[in-house]
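Below, each value reflects all heavy atoms present in this structure, side chains not excepted, and no hydrogens, waters or symmetry copies.
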Amino acid sequence: MVTLLLNAPAPAEHAVQTRFGGRPLVPADAPFTWPCCAACEQPMQFQGQIGVEATAEHPAGLLLVFMCQNDPGCCDEWDPNEGGTLAVFVSTGALTLAEPPAEGLTLRETTNGARTETQDAEDYEAARRQWCERTGQPGRQVIGQLHGAPSWLQADETPGCPACGAPMHLAAQLEEGPDARTAMNFGGGCAYLFQCASHAGQVKFLWQC
């Protein structure tokens, strides 16, 4: 079974759930510094947040995804270790909306939500195709998958956890979005969000095209 992420109306910005665009929810009881790109040193753009259910190893929370869009293609923003992207885990609790810096490409032009639906299929690509055939909806309405096995466009780049060295688990695979005009910029490809099963704070984000 594959858990598809499907396009849905944007939820309220303060709702603790998956959405793309808007402002990130961050802990209300701790200072938050808007992340900057390690290459160009300018504020990154907030792409979205993915809801994470609690497990025996870590609490429920949100995975926040940031990516540099100040000079696309020049800050190695597809690489999880070069500082052009950042993924952060925040546990649910007292959360508040972060205010972006006054300057820079920090927020996306649009906001959309997501809903999930399981599809009985061998892999993500088959699930996506079958859902479109069954519903008559266009492929862009499928905006990714939760968990499962990544459908790599290039070689397998599953990262190891910096804390324990174990292969990280796929938290979400993301498409660029339902509208080509306001889509996230993954070079026409897909993004992959990983989290360590044992160390919730260890998160990596990369994309391929």
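- Side-chain contact, Gln69 with Arg108: no donor N or O sits under 3.5 Å from an acceptor N or O.
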Stepwise side-chain contact (heavy atoms from CB on, under 4.5 Å) check, Thr18 with Gln49 = CA-CA 5 Å; Thr18 299; Gln49 59 190 33; 6.0 Å; no
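- No chain of hydrophobic side-chain contacts below 4.5 Å, direct or via other Ile, Leu, Val, Met, Phe, Trp or Tyr residues, connects Leu170 to Leu5.
- Looking only at distances, no side-chain donor or acceptor of Arg23 sits under 3.5 Å from a matching main-chain atom of Leu25.
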Any chance you could lay out the side-chain contact (heavy atoms from CB on, under 4.5 Å) test for Ile50 and Phe20, step after step, and finish with the verdict?
-> CA-CA 8 Å; Ile50 310 296; Phe20 300 92; 3.7 Å; yes
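- Hydrophobic cluster membership is shared by Phe32 and Leu86, with clusters built from Ile, Leu, Val, Met, Phe, Trp and Tyr side chains linked at under 4.5 angstrom.
- Remark: Trp78 engages no residue in a side-chain hydrogen bond (donor to acceptor under 3.5 Å, both in side chains) (not counting sequence neighbours).
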Go through the steps for Leu63 and Phe205 under the test side-chain contact (heavy atoms from CB on, under 4.5 Å), then give the verdict.
-> CA-CA 10 Å; Leu63 296 175; Phe205 180 74; over 6 Å; no
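- Glu41 contributes no side-chain N or O that, together with a main-chain N or O of Cys37, makes up a donor-acceptor pair within less than 3.5 Å.
- The CZ atom of Arg181 sits 9.0 Å away from the OG1 atom of Thr110 when rounded to the nearest 0.5 Å.
- Within the 4.5 Å cutoff, the side chain of Gln145 has no heavy atoms near those of the Thr3 side chain.
- Ring pair Trp207/Phe186 is tilted by interplanar angle, where 30° to 60° counts as tilted.
- For the atom pair NE2 (His169) and OG (Ser198), the distance works out to 7.5 Å, reported to the nearest 0.5 Å.
- For Ala163, the side-chain contact (heavy atoms from CB on, under 4.5 Å) partners are Cys161, His199, Gln202, not counting sequence neighbours.
- Remark: side-chain polar atoms of Asn70 are paired, donor with acceptor, to backbone N or O of Pro43 under 3.5 angstrom.
- Residue Leu206 is not grouped with residue Leu174 when hydrophobic side chains (ILVMFWY) are merged at heavy-atom distances under 4.5 angstrom, including chains of intermediate members.
- Residue Thr111 holds its OG1 atom at 11.0 Å from CD of Glu109, rounded to the nearest 0.5 Å.
- A donor-acceptor pair is defined here as one N or O able to donate and one able to accept, closer than 3.5 Å; no such pair exists between the side chain of Gln47 and the backbone of Val65.
- Counting only distance, with no hydrogens or angles, the side chain of Asp71 and the backbone of Cys74 share no donor-acceptor pair below 3.5 Å.
- Tracing side-chain contacts under 4.5 Å through hydrophobic residues (I, L, V, M, F, W, Y), one reaches Val203 starting from Met67; they form part of the same cluster.
- If you chain together hydrophobic residues whose side chains sit under 4.5 Å apart, Leu62 and Phe46 fall into the same group.
- For the atom pair CG of Asn81 and CG of Asp76, the computed distance is 11.0 Å after rounding to the nearest 0.5 Å.
- Side-chain contact between Leu95 and Val26 is absent, with no heavy-atom pair separated by less than 4.5 Å.
- The main-chain N or O of Tyr124 is never found under 3.5 Å from a side-chain atom of Ser151 such that the two would form a donor-acceptor pair.
- A salt bridge does not link Glu175 to Arg140: none of the charged side-chain nitrogens sits closer than 4.0 Å to a carboxylate oxygen.
- Leu146 CG to Thr118 OG1: the interatomic distance, rounded to the nearest 0.5 Å, is 11.5 Å.
- Evaluation of the side-chain contact (heavy atoms from CB on, under 4.5 Å) rule for Leu153 yields Cys190, Tyr192, Gln208 as partners, not counting sequence neighbours.
- Rounding to the nearest 0.5 angstrom, the gap separating the OG1 atom in Thr92 from the CD atom in Glu53 is 11.5 Å.
- Between the side chain of Gln154 and the main chain of Cys209, a donor-acceptor pair closer than 3.5 Å is present.
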Would you please test Phe89 and Leu64 for side-chain contact (heavy atoms from CB on, under 4.5 Å) and show each step?
-> CA-CA 6 Å; Phe89 174 75; Leu64 313 180; over 6 Å; no
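- Between the side chains of Glu117 and Gln119, no donor N or O sits under 3.5 Å from an acceptor N or O.
- Side chains of His147 and Val2 form no contact here, defined as non-hydrogen atoms less than 4.5 Å apart.
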